[in-house]
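Here is the structure we will look at.
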Amino acid sequence: MLSELYQEVILDHGKKPRNFGLMAGCTHSAEGFNTLCGDRVRVYLLMAGDVVEDVRFEGEGCAICTASASLMTQMVRGKRIDEVEALFGQFQTEVTTDGADLTGLDELEALVGVRQYPNRVKCATLAWPAICAAFGTPVTKEGQ
Ligand code: ZN
């Protein structure tokens with residue numbers, strides 16, 4: 001049953017995404033698309049060296065995509081780029097590997113159920129390649 005995916009935390013974050021909306025003065029930004037589902041996510045970063053000082057996102061996606069992006073923004077603040085990339089790797093493994101039982105993903109664990117639905121895995125992970133792309137995509141300010 002797909003409804004098993006829609007646990008409380010996913011419903012909550014899907015309806016009321018945290019850190020949602022434009023970020024004025026962001027230093028880095030990139031977008032991710034999921035053509036399978038039509039999800040679109042843009043991630044905004046305020047970087048201090050290689051540390052994520054602030055993060056926001058916007059876009060349109062299904063509840064799983066929105067919830068995953070919302071959870072991601074809560075997890076990555078204050079982390080270094082390499083720590084975020086490691087979290088992405090861990091999460092990717094957990095949602096694609098039957099029997100993988102990793103810890104330390106906090107509320108992201110709510111999304112592990114997607115491993116039974118390969119078509120929805122990209123919904124759950126979309127925001128992560130977007131943030132990793134954003135690390136390498138500085139925003140150039142017009143007129144400066
Ligand atoms: Zn989706």
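If you're wondering where the values come from, they're calculated on a predicted model, not measured in any experiment.
In the model, Arg18 has no side-chain atom that pairs as donor or acceptor with a side-chain atom of Thr73 under 3.5 Å.
The main-chain N or O of Gly14 is never found under 3.5 Å from a side-chain atom of Thr66 such that the two would form a donor-acceptor pair. Formation of a donor-acceptor pair under 3.5 Å by the Thr27 side chain with backbone atoms of Met47 is found in this model. Arg80 contributes no side-chain N or O that, together with a main-chain N or O of Asp50, makes up a donor-acceptor pair within less than 3.5 Å.
Side-chain contact between Leu108 and Met72: absent, with no pair of heavy atoms (C-beta onward) separated by less than 4.5 Å. Looking only at side-chain heavy atoms (C-beta outward), Glu8 and Leu11 stay at 4.5 Å or farther from each other. Asn19 places a side-chain heavy atom less than 4.5 Å from the side chain of Arg77. Here the side chains of Phe88 and Pro129 are in contact, with some heavy-atom distance below 4.5 Å. In this structure, the side chains of Val84 and Trp128 come closer than 4.5 Å at one or more pairs of heavy atoms. Within the 4.5 Å cutoff, the side chain of Phe57 has heavy atoms near those of the Ser70 side chain. Looking at heavy atoms from C-beta onward, Asp54 lies out of side-chain contact with Leu45 at the 4.5 angstrom threshold. Taking the side chain as every heavy atom from C-beta outward, Val95 and Gln116 never approach each other to under 4.5 Å.
Distance check, rounded to the nearest 0.5 Å: OG1 of Thr137 to CD1 of Ile131 gives 11.5 Å. The structure places CG of Leu71 at 4.5 Å from NE2 of His13, a figure rounded to the nearest 0.5 Å. With rounding to the nearest 0.5 Å, the separation of CG in Leu87 from CD in Gln92 is 13.0 Å. Separation of atoms CZ (Arg120) and CD1 (Ile64) is listed at 4.0 Å; rounding is to 0.5 Å. Taking CZ from Phe20 and CD from Glu58, the interatomic distance works out to 6.5 Å, rounded to the nearest 0.5 Å. Of the inter-residue distances, the one linking Phe33 atom CZ with Asp39 atom CG reads 11.0 Å to the nearest 0.5 angstrom.
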Using side-chain contact (heavy atoms from CB on, under 4.5 Å), reason through Arg115 and Val112 one step at a time and then give a plain yes or no.
CA-CA 6 Å; Arg115 72 163 65 128; Val112 165; 3.5 Å; yes
Can you check side-chain contact (heavy atoms from CB on, under 4.5 Å) on Val41 and Val43, steps first, answer last?
CA-CA 6 Å; Val41 167; Val43 175; 3.9 Å; yes
Using the rule given for side-chain contact (heavy atoms from CB on, under 4.5 Å), can you reason through Cys65 versus Asn34, listing the C-alpha separation, both sets of side-chain angles and the distance that settles it, and then say yes or no?
CA-CA 9 Å; Cys65 174; Asn34 175 11; over 6 Å; no
Checking Arg42 against Ser29 for the side-chain contact (heavy atoms from CB on, under 4.5 Å) test, could you report, in this order, the C-alpha distance in whole Å, the side-chain angles of both residues, the deciding distance, and whether it holds?
CA-CA 7 Å; Arg42 174 165 283 279; Ser29 181; 2.7 Å; yes
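What you find for Cys123 and Ser68 is that their closest heavy atoms are O-CB, 4.3 Å. The two residues Cys37 and Cys62 make their nearest non-hydrogen contact at SG-SG, 3.8 Å.
In terms of hydrophobic clustering, with Ile, Leu, Val, Met, Phe, Trp and Tyr side chains grouped at heavy-atom distances under 4.5 Å, Val139 and Ile81 are assigned to different clusters. Residues Phe91 and Val9 fall within the same hydrophobic cluster, defined by Ile, Leu, Val, Met, Phe, Trp and Tyr side chains chained together at heavy-atom separations under 4.5 Å.
Here Leu22 sits in one hydrophobic cluster together with Met23, Tyr44, Leu46; the rule is ILVMFWY side chains under 4.5 Å apart, joined directly or through other members.
Partners of Arg40 under the side chain to side chain donor-acceptor pair (under 3.5 Å) rule, at least two apart in sequence or in another chain, are Glu31.
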